[in-house]
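So the structure is just underneath, and the comments pick up after that.
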Amino acid sequence: MKMVFSVSIILSLGKLMKDTLRYLAGIAGPSGYGSKSTAEQVTQCSSFSSTSQLTAIITGIGAETARVLAKRGVRIVMPARDMKKAAQVKEAIQRESPEAEIIVCEIDLSSLASVQSFCNHFLALRLPLNILINNAGVFSKNLEFSEDKVELTFATNYLGHYFLTETLLEKMIETAAQTGIEGRIINVSSVVHGWVKKDGLSFGQMLNPNNYNGTRAYAQSKLANILHAKEVSRQLQGRNARVTINAVHPGIVKTAIIRAHKGFITDSLFFMASKLLKTTSQGASTTCYVALSSQTEGKSGKFYADCNETNCSSLANDEIEAQKLWTRTRNLINKQLSKLST
């Protein structure tokens, strides 16, 4: 028994070392791309005959994703909480790509009322919707609550994107049916979803935790993003809708979220981890790859990292947990919306 256990550990360590070396070297996977590939490189060959026909919503001021998609001719709708920063990103993109069409709107993803207001505004524009990138994310070191009285990380990273997706899903299905162009939804998740064990997937505790830990809350929200993609993919396939939904791990990029992770990693560990950090363009590559690549056409309910399909945790693959989370979230949102309407 001990011999089998030791062999198992050795094999696991060997795979981890191999994967780490592949990552550091930027060795390409089956897609032809790897950890060092940039967003511009992976979008040179698009699945679509003309990306100028496409409209994409990108939450959270995903500046590099927006820049590259706009450069490829995609109309960008950028809902953001910080309108000043969003306007600056729009200006920078249009300096590089003067023909780019960028629409900036206001949204607070932690607020269901704000998400509903944005969706009403977008639908009133009567634009098609081909791509929805649920990109926004926060890390909250201390316990905070949204205006809907939901823990802020969970409310922003998962709940707001769930509601956004559900509200715009019929528009995406309609656009795909009318144009013959596959719709694509991308949930930006993280490999840290694998840190969550089954006893950590308590819906009530994620909404209002008794013993708050910022890193755990962030990991739980990222697991929820994947479970959401899995369940919505199942439902879309059941409807024969020409819309896919996948989750991606962008890699570790030096963003505001990483800088907020004091306690997530110590300064010394951050220095060592910095050797693994991606550039902004490398960090946006997997999202852009799944959004535009011909290689991801028809793929749904999958998890991608470094522009290649990869494995997520066994919990993230649990169909029953995915259905339970989707149903509980829908019931919660319906309850909250009924309060807003009274």
Side-chain angles (χ1 to χ4, degrees), residues 32-33 37-107 118-136 164 168 171-186 188 242-244 246 248 250 253 255 278-297 307:
Y33 304 110
S37 300
T38 66
E40 290 203 25
Q41 289 170 343
V42 304
T43 55
Q44 287 176 350
C45 297
S46 170
S47 171
F48 308 100
S49 56
S50 174
T51 51
S52 62
Q53 300 173 11
L54 306 180
T55 300
I57 292 177
I58 307 170
T59 68
I61 314 183
E64 181 65 7
T65 300
R67 182 188 75 82
V68 173
L69 294 191
K71 190 173 183 177
R72 302 299 178 220
V74 179
R75 177 195 290 118
I76 304 297
V77 179
M78 195 185 306
R81 185 174 54 181
D82 188 336
M83 293 292 284
K84 182 178 178 181
K85 184 177 178 181
Q88 291 170 345
V89 170
K90 174 181 177 178
E91 184 181 346
I93 291 172
Q94 291 182 326
R95 276 200 303 269
E96 179 183 356
S97 303
E99 302 302 316
E101 185 177 354
I102 316 285
I103 301 169
V104 173
C105 307
E106 189 169 11
I107 196 172
F118 163 75
C119 290
N120 291 341
H121 175 71
F122 174 78
L123 294 172
L125 296 176
R126 298 189 178 278
L127 294 172
L129 181 56
N130 308 95
I131 301 168
L132 172 60
I133 301 176
N134 292 319
N135 172 77
L164 180 70
L168 297 178
K171 168 57 73 173
M172 294 197 72
I173 293 171
E174 174 189 295
T175 299
Q178 290 177 348
T179 63
I181 299 172
E182 180 181 84
R184 299 186 181 184
I185 305 168
I186 296 102
V188 177
R242 201 174 176 198
V243 176
T244 64
N246 293 288
V248 303
V253 185
T255 64
K278 288 188 173 187
T279 65
T280 303
S281 190
Q282 290 168 351
S285 63
T286 304
T287 300
C288 291
Y289 169 77
V290 176
L292 293 184
S293 175
S294 59
Q295 295 179 357
T296 60
E297 187 169 356
C307 303

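Residue numbers start at 1 and run along the sequence shown. Both backbone and side-chain heavy atoms feed into the values below; hydrogens, waters and symmetry mates do not. All values derive from a computational prediction rather than experimental measurement.
Glu101 pairs by the side-chain hydrogen bond (donor to acceptor under 3.5 Å, both in side chains) definition with Arg75, not counting sequence neighbours. Contacts of Glu106 classified as side chain to side chain contact (heavy atoms under 4.5 Å, CB included), with partners at least two apart in sequence or in another chain: Met83. Applying the side chain to side chain contact (heavy atoms under 4.5 Å, CB included) rule to Ser285 yields the partners Val42, Cys307; only residues at least two apart in sequence or on another chain are considered. Residues meeting the side-chain hydrogen bond (donor to acceptor under 3.5 Å, both in side chains) test with Thr244, sequence neighbours left out: none. Arg95 is linked by a salt bridge (Lys or Arg N to Asp or Glu O under 4.0 Å) to Glu91, counting only residues two or more places apart in sequence or in another chain. Phe118 is linked by a ring pair (Phe, Tyr, Trp, His ring centres under 6.0 Å) to nothing, counting only residues two or more places apart in sequence or in another chain. With sequence neighbours left out, the side chain to side chain contact (heavy atoms under 4.5 Å, CB included) criterion links Ala70 to Ile76, Ile93, Ala100, Ile102. For Arg81, there are no salt bridge (Lys or Arg N to Asp or Glu O under 4.0 Å) partners, not counting sequence neighbours. Applying the side chain to side chain contact (heavy atoms under 4.5 Å, CB included) criterion to Lys171, with sequence neighbours excluded, gives Phe122, Leu123, Leu129, Glu174, Thr175.
Asn135 and Ile61 get closest at one heavy-atom pair: ND2-C, 4.4 Å. In plain terms, the two heavy atoms of Thr296 and Glu182 that are nearest each other are O-OE1, 4.3 Å. Between Ala284 and Thr65 the shortest heavy-atom distance is CB-OG1, 3.5 Å.
You'll find the side chain of Thr286 stays beyond 4.5 Å of the side chain of Pro250, heavy atoms only. Put simply, the side chain of Arg72 reaches to within 4.5 Å of the side chain of Gln44, judged on heavy atoms. Inter-residue side-chain proximity for Cys105 and Ile107 is flagged as unmet; no heavy-atom pair is nearer than 4.5 Å. You'll find the side chain of Thr179 stays beyond 4.5 Å of the side chain of Gln53, heavy atoms only.
A side-chain contact (heavy atoms from CB on, under 4.5 Å) with Ile131 is found for one member of Ile181, Thr287, Leu292 and no other, namely Leu292. Put simply, the residue from Val290, Ile57, Thr59, Ile58 that forms a side-chain contact (heavy atoms from CB on, under 4.5 Å) with Ile133 is Ile58.
Here Glu99 contributes atom CD and Lys71 contributes atom NZ; the two are 14.5 Å apart, rounded to the nearest 0.5 Å. Note: Glu297 CD to Arg184 CZ = 6.0 Å, rounded to the nearest 0.5 Å. In this structure, the separation between SG on Cys288 and CD on Gln41 is 12.0 Å, given to the nearest 0.5 Å.
Side-chain N or O atoms of Asn130 include one that pairs as donor or acceptor with a backbone N or O of Thr55 at under 3.5 Å.
The salt bridge (Lys or Arg N to Asp or Glu O under 4.0 Å) pairs that include a residue from residues 55-70 are Glu40-Arg67, Glu64-Arg67, Arg67-Glu96, where partners are two or more places apart or lie in different chains.
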